[in-house]
Engineer: 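Mind having a look at this structure? Questions to follow.
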Amino acid sequence: MAHISFDSSALTKFVHDNELSEIQPLVTAADKELREGTGAGNDFRGFLDLPVAYDKDEFARIKAAAKKVQGNSEVFVAIGIGGSYLGAQAAIDFLNPNFYNQQANRSVPEVYFAGNSISGSYLHDLVQMIGDRDFSINVISKSGTTTEPSIAFRVLKAKLIAKYGAAGAKERIFATTDKAKGALKTEADAEGYEEFVVPDDIGGRFSVLSAVGLLPIAVAGGDIDQLMQGAADARSEYTNPDVTKNEAYRYAALRNILYRKGFTTELLENYEPNLRLFGEWWKQLMGESEGKDQKGIYPSSANFSTDLHSLGQYIQEGLRNLFETVVKIDDAPNDVTIPDDDKNLDGLGYLAGKSMNYVNDKAYHGVVLAHTDGGVPVMTVNVPKQDAYSLGYTIYFFEIAVAISGYLNGINPFNQPGVEAYKKNMFALLGRQGYEELTKELTARLNK
């Protein structure tokens, strides 16, 4: 029995009983493409076996490096963009209290992220926040030439050298990059940074369970042994192509059934604020995997009950192209009991003595009923706890689901050709060598 559970019972008015059986042959074919490596992008299927086939020696070095950072640093900065940071930040938020960086008497460093924007204000404020405190950095880039993290690395490396000297700075820089080539690999070899590998057969959005995500997670105190065990058990669970027995495949199939009926936008929703970044990780996983060839489900996210007071009206009565997938925590890590108040001016007397988690659960059920009545399909992924094992399991659930979903829709779920378009224009406008002709063309277009 799966550790997490997938509930599609609220889809009865949107999906007929026969539709899953009719899409089953396509799911079986997609599974065969994925497992046998006959589908598009087959050289990026390393995520499938990663939970059991990871480098055990590197894994031990990751844990040792995390202990080193925990012992000598008050602040740790992970530098990366896209898949090089989203999974780690989502995991750290998932596994820690909402205000973990502000907690007193910390046993692990404060963890921050840089290199995921080109905002000078953000990087300036981060440098100011670090101040004169001891810190270390983990620069994560397969090439070492991606603009956003490369700028942040230059700035933070200079701060390390100014504080510790060149020799001391090297001991506080950890490079996660290609195993054999690239600018960052060349620098790491020359300078003697400790290195970890971005696997060749795993795309960035699937890389959270590799060194890309594991070092920041471990530095923040996450149990990466349990994280990998959860993913390994999910790998064993989600092997049967039968959608009545494989909940990850059933989720993928139902998404495609809804998509073909005009439900083209999926909202991933949560009822716990420290799952917000999980939604950001999921958006890249889904959007970069499926948004190709002028088709694909548009991934968005919402944080309930907060966004019910901003997006709720649209979801309830707006354009009927939305469906919802809720990631619901069955047993939240903490709770508050609502106190009694003799005056009862707020009218909440009927909730006195009840827990906030109880109220949150009733809000979830009320929303499902309201939205399905309003014509919005809702599915739920029930996660037992906010712990490392459950997180690893949930990560693998969505990774295997999007691979199957992509093949069901006739696209390569493992490439991202469209991501490069803006970069070429940006390089040309900044005057990078080799882009002279494009610079002229774009300048002329902008000056029209």
Side-chain angles (χ1 to χ4, degrees), residues 44 46-47 50 54-55 58-59 61-66 68-69 73 75-93 109-118 122-123 126 130 135-157 159-160 169-220 222 224 227 277 280-281 284-285 288 395 416 419 423:
F44 282 94
F47 79 95
L50 179 63
Y54 60 90
D55 184 330
E58 181 182 61
F59 193 80
R61 287 198 302 113
I62 288 170
K63 291 198 285 187
K68 176 182 177 181
V69 173
S73 299
V75 176
F76 177 78
V77 182
I79 303 170
I81 195 166
S84 294
Y85 92 98
L86 278 171
Q89 189 169 11
I92 292 169
D93 276 15
E110 297 172 19
V111 178
Y112 298 97
F113 294 84
N116 48 52
S117 74
I118 317 178
Y122 179 90
L123 196 54
L126 176 62
I130 295 171
F135 75 105
S136 298
I137 63 176
N138 175 205
V139 56
I140 308 162
S141 175
K142 192 165 179 64
S143 67
T145 59
T146 304
T147 305
E148 295 90 341
S150 294
I151 292 172
F153 182 41
R154 278 200 178 199
V155 171
L156 290 169
K157 178 172 60 175
K159 181 174 175 63
L160 280 172
K170 294 175 185 179
E171 295 299 312
R172 293 174 176 271
I173 298 173
F174 301 86
T176 305
T177 189
D178 191 271
K179 66 180 179 182
K181 62 183 185 298
L184 181 55
K185 170 65 177 173
T186 300
E187 179 175 343
D189 285 350
E191 298 295 335
Y193 308 150
E194 182 162 8
E195 299 177 38
F196 302 99
V197 174
V198 179
D200 287 335
D201 58 352
I202 298 174
R205 58 189 176 276
F206 291 87
S207 67
V208 60
L209 298 177
S210 73
V212 170
L214 292 178
L215 178 56
I217 294 168
V219 168
I224 61 174
L227 185 74
L277 263 296
E280 296 301 306
W281 168 80
Q284 185 194 6
L285 178 69
E288 207 167 71
I395 286 170
Q416 56 278 345
V419 173
K423 294 181 183 178

Engineer: Identify the heavy atoms of P216 and F76 that sit nearest to each other, and give their distance.
Structural biologist: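 Scanning both residues completely, I find the closest heavy atoms to be CA-CE2, 3.9 Å.
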Engineer: Out of curiosity, Y54 OH to F59 CZ, how far, rounded to the nearest 0.5 Å?
Structural biologist: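 These two atoms lie 4.5 Å from each other.
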Engineer: Could you tell me if the side chain of V198 sits less than 4.5 Å from the side chain of D178, heavy atoms only?
Structural biologist: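 Not in contact.
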Engineer: Going from CD on E194 to OG on S136, what distance comes out if it is rounded to the nearest 0.5 angstrom?
Structural biologist: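 Taking CD in E194 and OG in S136, the distance rounds to 11.0 Å.
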Engineer: For D189, what residues pass the side-chain hydrogen bond (donor to acceptor under 3.5 Å, both in side chains) criterion, not counting sequence neighbours?
Structural biologist: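 Listed in chain order: K185.
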Engineer: Output all residues satisfying side-chain contact (heavy atoms from CB on, under 4.5 Å) with P149, sequence neighbours left out; order by chain, then residue number.
Structural biologist: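 Listed in chain order: I79, I81, T146.
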Engineer: When you look at Q89 and E280, which way does the side chain to side chain contact (heavy atoms under 4.5 Å, CB included) test go after all the steps?
Structural biologist: CA-CA 9 Å; Q89 189 169 11; E280 296 301 306; over 6 Å; no
Engineer: Enter the distance from D201:CG to F47:CZ here, rounded to the nearest 0.5 Å.
Structural biologist: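 Going from CG on D201 over to CZ on F47, the span is 10.5 Å.
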Engineer: Considering non-hydrogen atoms only, spot the tightest contact between L215 and A66 and give its length.
Structural biologist: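 Smallest heavy-atom distance, with atoms named: CD1-N, 4.0 Å.
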Engineer: Measuring from atom CG of L285 to atom CG of L86, what distance do you get when rounded to the nearest 0.5 angstrom?
Structural biologist: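 One finds 10.5 Å between CG of L285 and CG of L86.
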Engineer: Does G83 offer a backbone N or O that forms a donor-acceptor pair with the side chain of Q284 under 3.5 Å?
Structural biologist: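 Yes; judged by distance alone, with no hydrogens or angles, the pair exists.
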Engineer: Could I get the full list of side-chain contact (heavy atoms from CB on, under 4.5 Å) partners for A211, not counting sequence neighbours?
Structural biologist: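 Once residues adjacent in sequence are excluded, the partners of A211 under the side-chain contact (heavy atoms from CB on, under 4.5 Å) criterion are E58, I62, T176, F196.
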Engineer: Can you name the nearest heavy-atom pair linking V77 to A114, along with the distance?
Structural biologist: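 Nearest heavy atoms, V77 then A114: CG1-CB, 3.8 Å.
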Engineer: Considering non-hydrogen atoms only, spot the tightest contact between A152 and L123 and give its length.
Structural biologist: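 Closest approach of A152 to L123, heavy atoms only: CA-CD2, 3.9 Å.
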Engineer: Look up atom CG in N138 and atom CZ in F113, then write down how far apart they are to the nearest 0.5 Å.
Structural biologist: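 CZ of F113 is found 9.5 Å from CG of N138.
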Engineer: Hey, does the side chain of T177 reach the backbone of S141 with a donor-acceptor pair shorter than 3.5 angstrom?
Structural biologist: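 Between the backbone of S141 and the side chain of T177 there is a qualifying donor-acceptor contact (under 3.5 Å).
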Engineer: Nearest 0.5 Å, please: how far is CD1 in I224 from CG in L214?
Structural biologist: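 Spacing of CG (L214) from CD1 (I224) equals 5.0 Å.
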Engineer: What are the two closest heavy atoms between T145 and A183, and how far apart are they?
Structural biologist: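 Looking at all heavy atoms of both residues, the closest pair is CG2-CB, 3.8 Å.
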Engineer: Judged by atom type as modelled, is there a donor-acceptor pair below 3.5 Å linking the side chain of S150 to the main-chain atoms of G144?
Structural biologist: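 Side chain of S150 to backbone of G144: a pair is present.
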Engineer: So, using side-chain contact (heavy atoms from CB on, under 4.5 Å) as the criterion, who are the partners of E187 when residues are at least two apart?
Structural biologist: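 Expected list: F153, K157, E191, Y193.
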Engineer: List the residues meeting side-chain contact (heavy atoms from CB on, under 4.5 Å) with K68, not counting sequence neighbours, and say none if there are none.
Structural biologist: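 With sequence neighbours excluded, K68 shows a side-chain contact (heavy atoms from CB on, under 4.5 Å) to N72, E171, F174, given in chain and number order.
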Engineer: Is the side chain of R61 donor-acceptor paired with the backbone N or O of E195 at a distance under 3.5 Å, no angle test?
Structural biologist: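 Confirmed, R61 side chain pairs with E195 backbone.
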Engineer: With a 4.5 Å heavy-atom cut-off, do V208 and I217 have their side chains touching?
Structural biologist: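 The answer is yes, as the side chains (C-beta and beyond) meet within the 4.5 Å cut-off.
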Engineer: What residues form a side-chain hydrogen bond (donor to acceptor under 3.5 Å, both in side chains) with R172, not counting sequence neighbours?
Structural biologist: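 Counting only residues at least two positions away or on another chain, R172 forms a side-chain hydrogen bond (donor to acceptor under 3.5 Å, both in side chains) with S73.
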Engineer: Where is the tightest heavy-atom contact between S84 and I140, given as atom of each residue plus distance?
Structural biologist: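 Scanning both residues, the minimum pair turns out to be O-CD1, 3.3 Å.
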